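Below you'll find the structure, written out as structure tokens, and then a few comments.
In what follows, every chain begins at residue 1, and chains take the letters A, B, ... in the order their sequences are listed. Every heavy atom of this structure was used, including side-chain atoms; hydrogens, water molecules and symmetry mates were not. Just so it is clear, the structure is predicted and the values come from calculations on it, not from any experiment.
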There are 2 protein chains.
Amino acid sequence: MTRPQTQHGPATRVMRATRQRAAVSALLDRLEDFRSAQDIHEELRRVGDGIGLTTVYRTLQSLADAGEVDVLRTGSGEAVYRRCASAEHHHHLVCRRCGATVEIEGPAVETWAQRIAEQHGFSDLSHTAEIFGLCRECSATA
Amino acid sequence: MTRPQTQHGPATRVMRATRQRAAVSALLDRLEDFRSAQDIHEELRRVGDGIGLTTVYRTLQSLADAGEVDVLRTGSGEAVYRRCASAEHHHHLVCRRCGATVEIEGPAVETWAQRIAEQHGFSDLSHTAEIFGLCRECSATA
DNA sequence: TCGGTATCGAGTATCGATGTCACCTCACCG
DNA sequence: CGGTGAGGTGACATCGATACTCGATACCGA
Ligand SMILES: [Mn+2]
Ligand SMILES: [Mn+2]
Ligand SMILES: [Zn+2]
Ligand SMILES: [Zn+2]
């Protein structure tokens with residue numbers, strides 16, 4: 001289901017390719033864990049890719065809207081971003097110490113959510129399900 | 001498992017009964033949905049219970065720490081609070097339009113989280129699992 | 001190449017949340 | 001009962017994350 005580019009009409013979004021967007025995208029490819037907008041901004045500047053913080057926020061948001069990155073909230077409410085290997089719907093097992101992340105499936109969760117919501121007459125569903133803990137390394141280091 | 005009050009020792013928290021704490025607690029008893037600290041502050045002032053915003057934040061925090069209220073984060077990262085009927089661990093089905101909330105059990109989720117985390121060697125686990133949607137009324141009104 | 005426009009980004013505003021600290025008030029005891 | 005002091009309060013300052021403004025910049029299609 002691709003969006004027609006050559007069609008007329010008032011709402012023909014184009015999404016230009018810019019150096020900044022490329023830099024954010026490339027960095028996300030390289031990173032394993034969830035990172036905040038600020039982290040990403042710092043890292044890009046550190047390696048010499050000049051970019052504004054505003055642009056990092058905007059870019060991450062549009063990537064998230066496009067479903068290209070996953071977003072979740074840390075305990076303190078900060079948004080963290082990660083390019084996931086799977087484009088499919090999935091959940092995460094996250095180390096609350098080092099941020100190490102495993103993408104996981106939750107068929108049991110999917111059916112559970114569906115069934116419960118149905119029982120109560122809810123529609124237009126979405127859900128969150130994330131597991132937090134200490135990874136093997138961090139358990140040891142503790 | 002009650003906390004000894006008359007024991008010596010350096011960490012004998014007392015938690016005094018104050019007008020402000022009573023007011024917050026009473027309002028929470030009256031409310032059905034998840035509400036933000038700011039909401040609760042406004043409502044209390046509106047009905048004439050003078051109280052500082054700082055105090056509302058502090059009180060909600062301590063109630064949450066004590067497990068007396070549930071906290072969850074809105075999509076925008078704002079913390080919202082609710083006194084739940086069940087003191088046991090449970091999850092929520094929330095109307096993203098009107099905030100109507102149903103407390104739900106998730107035995108399937110519990111075992112899923114446990115099993116997945118074990119498989120990956122994670123310890124010290126916690127998890128979140130909330131379902132969002134439109135309640136029957138809001139579906140109709142849509 | 002060139003112009004229109006999407007995008008950029010430094011500065012500034014907003015917003016939820018927490019820290020500060022002088023003042024207050026329970027809870028307790030004589 | 002009144003005094004005492006540790007816990008509590010709240011106006012205000014501060015913070016970190018994110019949104020907004022708007023002139024400057026750089027894509028990209030013609
Ligand atoms: Mn799912
Ligand atoms: Mn659970
Ligand atoms: Zn770890
Ligand atoms: Zn509703």
Side-chain angles (χ1 to χ4, degrees), chain A residues 3-27 34-46 48-66 69 71-81, chain B residues 3-27 34-46 48-66 68-69 71-82:
Chain A
R3 163 172 36 77
Q5 287 286 16
T6 52
Q7 275 321 299
H8 52 71
T12 312
R13 295 281 152 66
V14 271
M15 187 61 78
R16 285 181 186 171
T18 66
R19 174 180 61 78
Q20 291 87 340
R21 277 211 251 275
V24 169
S25 202
L27 178 54
F34 281 92
R35 296 297 181 81
S36 71
Q38 312 242 17
D39 286 346
I40 288 168
H41 178 240
E42 266 180 49
E43 177 63 11
L44 287 176
R45 303 219 108 172
R46 208 179 54 72
D49 287 314
I51 187 171
L53 181 56
T54 304
T55 301
V56 173
Y57 275 108
R58 271 192 300 237
T59 303
L60 288 172
Q61 259 171 322
S62 68
L63 286 172
D65 289 347
V69 301
V71 194
L72 55 84
R73 297 261 171 192
T74 66
S76 68
E78 183 182 23
V80 287
Y81 303 83
Chain B
R3 161 175 34 78
Q5 287 287 14
T6 51
Q7 273 323 298
H8 53 70
T12 312
R13 294 280 149 65
V14 271
M15 187 60 81
R16 275 149 57 163
T18 66
R19 175 180 61 77
Q20 291 88 341
R21 279 212 250 274
V24 170
S25 201
L27 178 54
F34 280 93
R35 296 297 183 79
S36 72
Q38 312 239 17
D39 286 346
I40 288 169
H41 178 240
E42 267 180 47
E43 177 63 10
L44 287 176
R45 305 220 106 172
R46 208 179 54 71
D49 286 314
I51 187 171
L53 180 56
T54 306
T55 300
V56 173
Y57 273 109
R58 270 193 301 237
T59 302
L60 289 172
Q61 286 263 80
S62 67
L63 287 172
D65 290 347
E68 285 203 46
V69 301
V71 193
L72 55 84
R73 299 257 172 193
T74 66
S76 67
E78 184 180 21
V80 287
Y81 303 83
R82 176 180 192 261

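- Within the 3.5 Å criterion, the main-chain N or O of A/Gly75 finds a donor-acceptor partner in the side chain of B/Arg73.
- Spacing between atom CD of B/Glu78 and atom P of D/dT18 amounts to 14 Å, rounded to whole angstrom units.
- With hydrogens and angles left out, the side chain of A/Thr18 and the base of C/dC8 share no donor-acceptor pair within 3.5 Å.
- Rounded to whole angstrom, the span from the CG atom of B/Leu53 across to the P atom of D/dC12 amounts to 13 Å.
- Contact annotation: A/Gln38 side-chain N/O to D/dA17 OP1/OP2 distance is under 4.0 Å.
- Summarising the geometry, the separation between CE on B/Met15 and C1' on D/dG7 is reported as 10 Å, rounded to the nearest angstrom.
- Checking D/dA17, C/dT18, D/dG10 against every side-chain atom of B/Tyr57, the shortest atom distance belongs to C/dT18.
- B/Phe34 has its CZ atom 19 Å from the P atom of C/dG16, to the nearest Å.
- With rounding to whole Å, B/Glu42 atom CD is found 10 Å from C/dG16 atom P.
- Side-chain atoms of B/Thr54 stay outside donor-acceptor range of the base of C/dA17, with no qualifying N/O pair under 3.5 Å.
- Tested against B/His41 for a side chain to side chain contact (heavy atoms under 4.5 Å, CB included), the candidates B/Asp49, B/Leu27, B/Ile51 yield a single pass: B/Ile51.
- Contact annotation: B/Gln61 side-chain N/O to C/dT18 OP1/OP2 distance is under 4.0 Å.
- The shortest distance between the side-chain N/O atoms of A/Gln20 and the OP1/OP2 oxygens of C/dT7 is not below 4.0 Å.
- Between D/dA19, C/dG9, D/dA6, one nucleotide has an atom nearer to the side chain of B/Arg16 than all others, and that is D/dA6.
- Rounded to whole Å, the distance from NE2 on B/His41 to P on D/dT9 is 13 Å.
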*Step by step, would you call B/Arg58 with B/Thr54 a side-chain contact (heavy atoms from CB on, under 4.5 Å)?*
CA-CA 6 Å; B/Arg58 270 193 301 237; B/Thr54 306; 3.7 Å; yes
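- Backbone-only engagement by B/Arg21 is indicated by non-hydrogen atom pairs under 4.0 Å involving sugar-phosphate atoms exclusively.
- Regarding B/Ile51, its CD1 atom lies at a distance of 13 Å from the P atom of D/dG8, rounded to whole Å.
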*Start with the C-alpha distance between B/Glu42 and B/Arg45, add both sets of side-chain angles, then the distance that settles salt bridge (charged side-chain N to carboxylate O under 4.0 Å, His left out), and finish with yes or no.*
CA-CA 5 Å; B/Glu42 267 180 47; B/Arg45 305 220 106 172; over 6 Å; no
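- Distance from the side chain of B/Arg58 is smallest for C/dT20 among the nucleotides D/dA19, D/dA17, C/dT20.
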*asked:* Please evaluate residues A/Met15 and A/Arg21 with respect to the criterion side-chain contact (heavy atoms from CB on, under 4.5 Å), reporting the C-alpha separation (whole Å), side-chain torsions for both, the decisive distance (0.1 Å), and the verdict.
replied: CA-CA 10 Å; A/Met15 187 61 78; A/Arg21 277 211 251 275; 3.4 Å; yes
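- Between the CZ atom of A/Arg73 and the P atom of C/dG16 there is a distance of 13 Å, rounded to whole Å.
- The base of D/dG8 lies outside donor-acceptor range of the side chain of B/Arg19, with no N or O pair under 3.5 Å.
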